[in-house]
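Worksheet: one structure, shown below.
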2 protein chains.
Amino acid sequence: MSGTSHVKRRGRPPKQVDSYSDTKTALIRAGLVTMTEKGFSASGLDEILRSVGVPKGSFYHYFQSKEDFGSTLIETYGKAFSSNLDKYLLDESHLPLERFSYLIESFRKYMIEHDFQRGCLIGNLGQEMGALPSVFRQQLIDVFEEWQKKTSLCFKEAQQRGDISTNLDCAELARFFWVGWEGAILRAKLERNATALDNFTDHFLKFLNK
Amino acid sequence: MSGTSHVKRRGRPPKQVDSYSDTKTALIRAGLVTMTEKGFSASGLDEILRSVGVPKGSFYHYFQSKEDFGSTLIETYGKAFSSNLDKYLLDESHLPLERFSYLIESFRKYMIEHDFQRGCLIGNLGQEMGALPSVFRQQLIDVFEEWQKKTSLCFKEAQQRGDISTNLDCAELARFFWVGWEGAILRAKLERNATALDNFTDHFLKFLNK
DNA sequence: TCAATTTCTAGACCAGTTGTCTAGTAAAAG
DNA sequence: CTTTTACTAGACAACTGGTCTAGAAATTGA
């Protein structure tokens, strides 16, 4: 059950040359897993700590509080996801809308791979916002903003090629996509199948070449 | 802060002729408010009880557990919302798509009225499902199913009048709407404004008469 | 080389949570 | 007017959550 087997002794441990056993990274990794599944409020520190075999004291060495930890997770997740968007949406070896389709397909695979238990951290925390530290709000908004900007650029390219109707505003379209897609993730997690993802994708793509 | 002012005395209270001061109803009402804002996990019983001035003993007289309480809330919310759908979508004094637009407008008003703090109970709990009693899952799915069915019927009427393209499947369309709409609520709560609601509405309506 | 410092660990600690349980009060029933 | 019913009051136990202090070993630098 417990992740990487740490055999812990008291005191400062020998300097780790191998980077993978970095405690902080392990904590972030475990936090991402737990919180993409259960959100912020329902994720207990104990549970996360147990999963990596790290005591509370270590946690509070690396993070000031659970709130600070959450902020870091948003930051980390947002950036990782952003690179992922680049990987797909800037891939010049495919047409813009093809890149977009491949991206969606990768999301779909991700959901299936994790049995529809893990969703989107940003969506989860957004939903919970009513019970969350208020500093999260702007962070979450910013992340969405960035994802949308990247998506919008891809749409713009497609539009210039004539693959998207010119009376659609690409920025608005990207927003429409991300708003709806988060809804689709929510539903897919609830129903534990890909129906909602596919339904949304179909309709959205149909809308593009309208 | 505390809701309906109950001045409680010990012992069995006089039979209430006026229904509004029913303790159970008050608990449900308060539970709905709290949980549409903060979801299930982040809502403490104590907080809910304090807000209506009811002690634990009473709560556990009416409900077996927090889980049982949650089930009741889903049930209540689902039904109330369902009647609301009927109110709008079966109103023969307007054309089908007009009814639908009025419905959306009423949602929008609701969100504004509560400063974008209250969302949809079903959406909230759906998102949290990873940390919730598993009996909730089917309940939530069923509620969505019902809402979609009612919405689908309205679309069907519109389609028969020629207001919706015949190569759209109304059931799928209703699903598309509810999936996306929940996403829009999530985002509107996060951003504390109606942009996401309006963006989604615009695109969806544009999609209909495609 | 050896005290001072840094870095990290161990787990005690306290507040808050859910859910139980007993005692109590008064209306209602017979 | 006694018994029963329906509900309230809130203490309490078991547990979980987040925070914090003390401690131990590696590292530093005179």
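Every chain is numbered from 1 and lettered A, B, ... according to where its sequence line falls, protein lines coming before strand lines. Because only heavy atoms are used, hydrogens play no part in the values below, and waters and symmetry mates are left out as well, while side chains stay in.
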Write out a two-atom table: protein N or O, nucleotide N or O from nucleotides 13-15 of chain D, distance below 3.5 Å.
none

Output yes when A:E157 and A:R99 qualify as a salt bridge under the 4.0 Å nitrogen-oxygen rule, no when they do not. yes
I need the CG-P distance between A:D46 and C:dA12, as an integer number of Å. 13 Å
Rounded to whole angstroms, how far apart are CZ on A:F63 and P on D:dG18? 14 Å
Parallel, tilted or perpendicular: which one describes the rings of A:F204 and A:F207, with boundaries at 30° and 60°? tilted
Closer than 4.0 angstrom, basic N to acidic O: yes or no for B:E145 and B:K149? no
Ring of A:Y60, cation from A:K66 - is the NZ or CZ under 6.0 Å from the centre and inside 45° of the axis? no
Between the protein and nucleotides 19-21 of chain C, list every N/O to N/O distance that falls short of 3.5 Å.
residue	atom	partner	partner atom	Å
C:dG19	OP2	B:Y60	OH	3.1
C:dG19	OP2	B:K66	N	3.2
C:dG19	O5'	B:Y60	OH	3.4
C:dG19	N7	B:K56	NZ	3.3
C:dG19	O6	B:K56	NZ	3.0

What integer distance in Å separates A:F69:CZ from D:dG17:C1'? 14 Å
Answer yes or no: does a side-chain N or O of B:S58 lie under 4.0 Å from OP1 or OP2 of D:dC7? no
Under 4.0 Å: is that the gap between some side-chain N or O of B:H61 and OP1 or OP2 of D:dC7? yes
Salt-bridge present (B:R192, B:D115; N to O < 4.0 Å): no
What integer distance in Å separates A:K24:NZ from C:dT9:P? 13 Å
Would you kindly check if the NZ (Lys) or CZ (Arg) of B:K24 is within the cone defined by 45 degrees around the ring axis of B:F63 and under 6.0 Å from the six-membered ring centre? yes
If you define the side chain from C-beta out and look only at heavy atoms, does anything of B:L153 sit under 4.5 Å from B:L89? no
Check this for me: does any side-chain nitrogen of one of A:E92 and A:K87 sit under 4.0 Å from a carboxylate oxygen of the other? no
Under 4.0 Å between any heavy atoms, over every strand shown, what does A:S41 touch: base, sugar-phosphate, or nothing? Just pick one. nothing
Quick one: A:L49 CG to C:dC8 C1', roughly how many Å, whole number? 14 Å
Sidechain N-carboxylate O distance under 4.0 Å for B:E37, B:K189: no
